[in-house]
Trainee: 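Just passing along the structure, written as structure tokens.
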Amino acid sequence: MGNYFSSMFDKLWGSNKEIRILILGLDGAGKTTILYRLQIGEVVTTKPTIGFNVETLTYKNLKLNVWDLGGQTSIRPYWRCYYTDTAAVIFVVDSTDKDRMSTASKELHMMLQEEELQDSALLVFANKQDQPGALTASEVSKELNLVELKERSWSIVASSAIKGEGITEGLDWLIDVIKEEQL
Amino acid sequence: MPPLDKKIKKFLKDSVRIAPKISSKGELTELRTGLVSPYPQTRKDAIKKTIQQMTVGKDVSSLFPDVLKNIATNDVEQKKLVYLYVMNYAETHPELCILAVNTFVTDSEDPNPLIRCMAVRTMSMIRVDKILDYLETPLRRTLQDDNPYVRKTAVICVAKVFQLDKQLCLNLGVLTDLVSALEDPNPVVVANTIASLTEIYAMDSTVINLNDLIQSHVSKFLLALNECTEWARITILTVLSKYSAKDSIEAQDIIDRVTAHLQHVNPAVVLATVKVIIINLDLTKPQINDPVMKKLSSAMISIMSTPPEIQFIALKNIRIILEKYPELLTKETRIFFVKFNDPLYVKLEKIEILVRLVDASNIKQCTILLNELKEYTREFEPEFVSKAIQALSQLAIKYSKESFCNKVLDILLELLERQDTFKDDCCIAISNLLRHCPTSTQMVTQACGLLNTWVEPELILNRDEAKCNYVWLLGQYPDKFSSLEERILGFVENFRQEDPLTQTAVLATIVRLHTRLPGTILQTILELATKETIVIDIRDMAMMYWRCLSIPGGDELVQQLCNTAPPAIDNILDTFPPEILKKLIQELATISSITFRPQATNAKKYVRPETVVKGKKLDELKNIAKNEIVKNDEVLLDFGDDATEENNKNTTTLDDLDDLFNFGTVLPKESNSGTNLESDFNKLGINGGRQDTNTTSTSTTTQDLMDLF
């Protein structure tokens with residue numbers, strides 16, 4: 001009964017419930033830059049994230065709780081602490097870093113095996129498109145073996161966090177999926 | 001009951017609230033869901049509940065990762081709570097602490113100085129190596145912060161880091177920053193800096209030259225003194241007391257600058273000021289009428305109106321100061337008179353002070369004190385009365401006039417007649433008095449007349465010292481006692497049980513009186529003293545007497561030995577040796593001033609370096625992963641036939657395995673089923689790799705399986 005009412009309230013006023021989104025990816029992929037691009041719309045100077053950043057932003061009347069977790073090898077094991085109740089994962093890939101594509105792919109697939117993430121949507125940003133020699137979205141998709149993913153809404157978007165290209169498109173897609181699935 | 005309008009407000013607030021509430025039971029599972037709730041309000045409630053559980057002593061360390069998620073917030077209250085939790089439990093989860101680093105670093109740049117300060121303070125408190133690795137930037141930044149509040153915290157943090165990891169501190173070079181912080185325009189920062197430097201110096205005196213720093217910054221300290229908090233004042237004053245002024249002019253200057261603080265409300269500030277003044281007084285050679293002396297004495301008197309615990313400390317310190325400047329408080333005797341509601345420890349200390357304070361040339365004052373002490377002997381607390389009796393004899397000997405001693409003797413005798421207790425103390429006091437005025441026959445007759453009435457004195461008296469004095473009196477005034485032989489025989493019979501002092505006295509007295517006593521007593525005591533005592537001095541003494549008595553003309557020799565008059569005593573107050581006194585003056589207002597024992601120069605460092613908790617090394621993580629795999633295999637070994645089924649259920653196995661892990665930690669029975677195992681293991685190796693998201697374990701899975709064979 002209480003649940004029914006609270007969900008009704010949620011629908012009425014958009015509620016103060018937050019939707020959890022994780023931004024993951026290898027170190028130096030541009031996760032923190034994307035987070036602050038989303039929040040304040042500017043490029044901030046970042047340094048390697050030891051730990052995490054978390055920001056709450058309102059997008060299309062939804063309150064998003066966006067977590068940007070550090071990508072260092074030493075911190076990756078702790079990603080799993082944050083998987084609970086995650087609506088969506090944004091996986092950021094450095095499109096110029098061809099050498100570590102396989103590592104990225106391995107991390108991505110291993111993460112998606114987690115039961116807690118079975119229902120979450122996946123958005124992959126093929127980032128750093130502004131750099132010369134960057135792989136295109138479809139090339140990255142191939143490298144990451146995204147076609148293998150079944151029973152999951154996923155999408156890959158070419159982006160440049162520095163120039164601000166592709167970020168909103170990606171997020172729009174993600175929000176639509178979340179709204180469809182959750183509300 | 002809260003008023004109605006408040007109740008209504010609360011009701012409205014509750015009914016509008018959507019976020020689920022946390023029940024007050026505080027079960028871990030409930031708290032955990034609360035901590036990761038999508039509703040900020042619920043999360044905050046859960047944090048509050050967690051902290052509540054923590055403060056009542058329940059172990060909530062298992063919530064660490066979930067609490068940590070809430071560290072990045074704009075809500076100062078929530079941040080503070082999470083910080084509190086992290087400080088408390090960081091050591092239980094050293095690996096996870098790394099997740100907080102980013103927030104700490106970001107917070108140390110926060111526009112709010114409170115948060116900047118909190119971040120660096122918490123960071124330097126966490127005894128985890130990984131945190132310390134990232135401390136450099138925040139610490140440097142906060143040391144140079146615009147806000148003095150942040151700077152004053154940062155300088156203390158340097159000392160904390162030094163305690164945790166000396167080498168790191170030296171490598172960062174923050175000690176130089178610390179030294180330059182002495183030039184800070186803000187007095188509180190200066191005070192904290194010098195406090196921090198003092199701590200570091202106490203931990204390792206080789207890294208900084210504290211004395212030089214103090215010498216070169218005295219004017220800075222004096223300037224800061226007037227503008228900072230009381231605690232900072234104490235720090236600065238303590239440091240000033242370590243400064244040795246160049247000449248009397250500088251010393252006078254320092255005295256003038258600090259004198260104002262004698263009127264501070266905080267007794268610690270007053271004592272610290274007193275210390276600085278006393279140390280500098282040496283150079284200025286003041287007269288007793290010097291205004292400084294007056295101010296000093298009024299400061300001490302002001303402390304006497306504080307709670308008894310503080311009074312006690314003050315009294316102890318006053319006793320040291322009085323040895324150096326005996327005239328200081330002479331006019332203020334009345335302040336130290338014992339009040340009926342003073343606790344015992346204060347009373348005892350007050351008596352000590354009173355006897356030292358009184359001016360021996362002032363008959364009026366001495367008589368007043370005499371009457372006062374006489375009153376004290378009527379009190380009921382035994383320790384207090386014995387102290388008063390002791391003080392009476394001390395006073396009499398200090399004043400030194402025979403008539404005065406006589407008065408004291410009268411008081412003592414009267415007391416003995418009135419009460420059965422305190423015979424020990426009176427006996428000691430009386431013999432002290434008699435030793436002070438050995439010529440007064442009247443006093444001797446009076447005193448011995450009373451002592452003579454005691455039957456079996458060896459049983460009446462308890463303390464070694466008292467018995468010793470009684471026996472000495474027997475030897476000194478044998479004519480005044482009736483049945484001398486019987487009395488001495490009593491002591492001889494108990495000889496074995498007596499303490500060394502009494503044994504010595506009995507031996508000497510019998511030898512002294514051997515002409516008056518039957519020879520058997522002498523023989524017995526000499527045999528007892530040479531054979532039965534364990535104290536070597538008594539044995540040697542007895543041997544010597546025996547030898548003297550056995551040589552021809554020995555009797556005369558012994559008479560000569562025993563009948564020399566002992567020197568009259570003119571002071572029975574304890575005093576400090578000059579060396580000790582000098583040290584104690586330097587250490588006024590510290591613990592040494594209470595124990596009267598100066599700090600040993602090579603004493604153990606009172607601050608021990610704390611150990612830093614190290615996160616698990618890669619090897620350990622590998623081991624954990626290995627164990628998990630071993631357990632996985634165990635499970636699947638037992639269900640060897642169902643291996644394929646297990647594979648199909650791949651996605652849900654993690655939960656099952658988690659449950660199964662609890663079943664035991666038995667190693668796989670390797671000899672169990674031979675070759676089949678290998679194929680099973682290989683299959684499972686792949687499964688295990690997929691299931692486990694822990695990168696470390698994945699990379700080592702295959703390796704581990706190989707190792708197993």
Trainee: Is chain A contacted by the side chain of B/Arg32, its backbone, both, or neither, given a heavy-atom distance below 4.5 Å?
Mentor: neither

Trainee: Could you report the tightest heavy-atom contact between B/Cys97 and B/Ile126, atom names first, then the distance?
Mentor: SG-CG2, 4.5 Å

Trainee: Can you name the one residue among B/Asp110, B/Asp107, B/Thr122 that meets side chain to side chain donor-acceptor pair (under 3.5 Å) with B/Lys79?
Mentor: B/Asp107

Trainee: What part of A/Trp79 is in contact with chain B, defined as an atom under 4.5 angstrom from a non-hydrogen atom: side chain, backbone, both or neither?
Mentor: neither

Trainee: Under 4.5 Å heavy-atom distance to chain B, tell me which part of A/Ile50 shows up: side chain, backbone, both or neither.
Mentor: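 Both backbone and side chain.
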
Trainee: Look at A/Arg100 together with A/Glu107 and state whether they make a salt bridge at an N to O cut-off of under 4.0 Å.
Mentor: no

Trainee: Checking heavy atoms, do the side chain of A/Thr49, its backbone, both or neither come under 4.5 Å from chain B?
Mentor: both

Trainee: Above 12 or not: heavy atoms from other molecules or residues under 6.0 Å from NZ of A/Lys142?
Mentor: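 No.
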
Trainee: Using non-hydrogen atoms only, which part of A/Asn65 is less than 4.5 Å away from chain B: side chain, backbone, both, or neither?
Mentor: side chain

Trainee: Looking only at side-chain N and O atoms, does B/Thr73 offer a donor or acceptor that is under 3.5 Å from a partner on B/Asp75?
Mentor: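 Note: B/Asp75 and B/Thr73 side chains miss the donor-acceptor criterion.
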
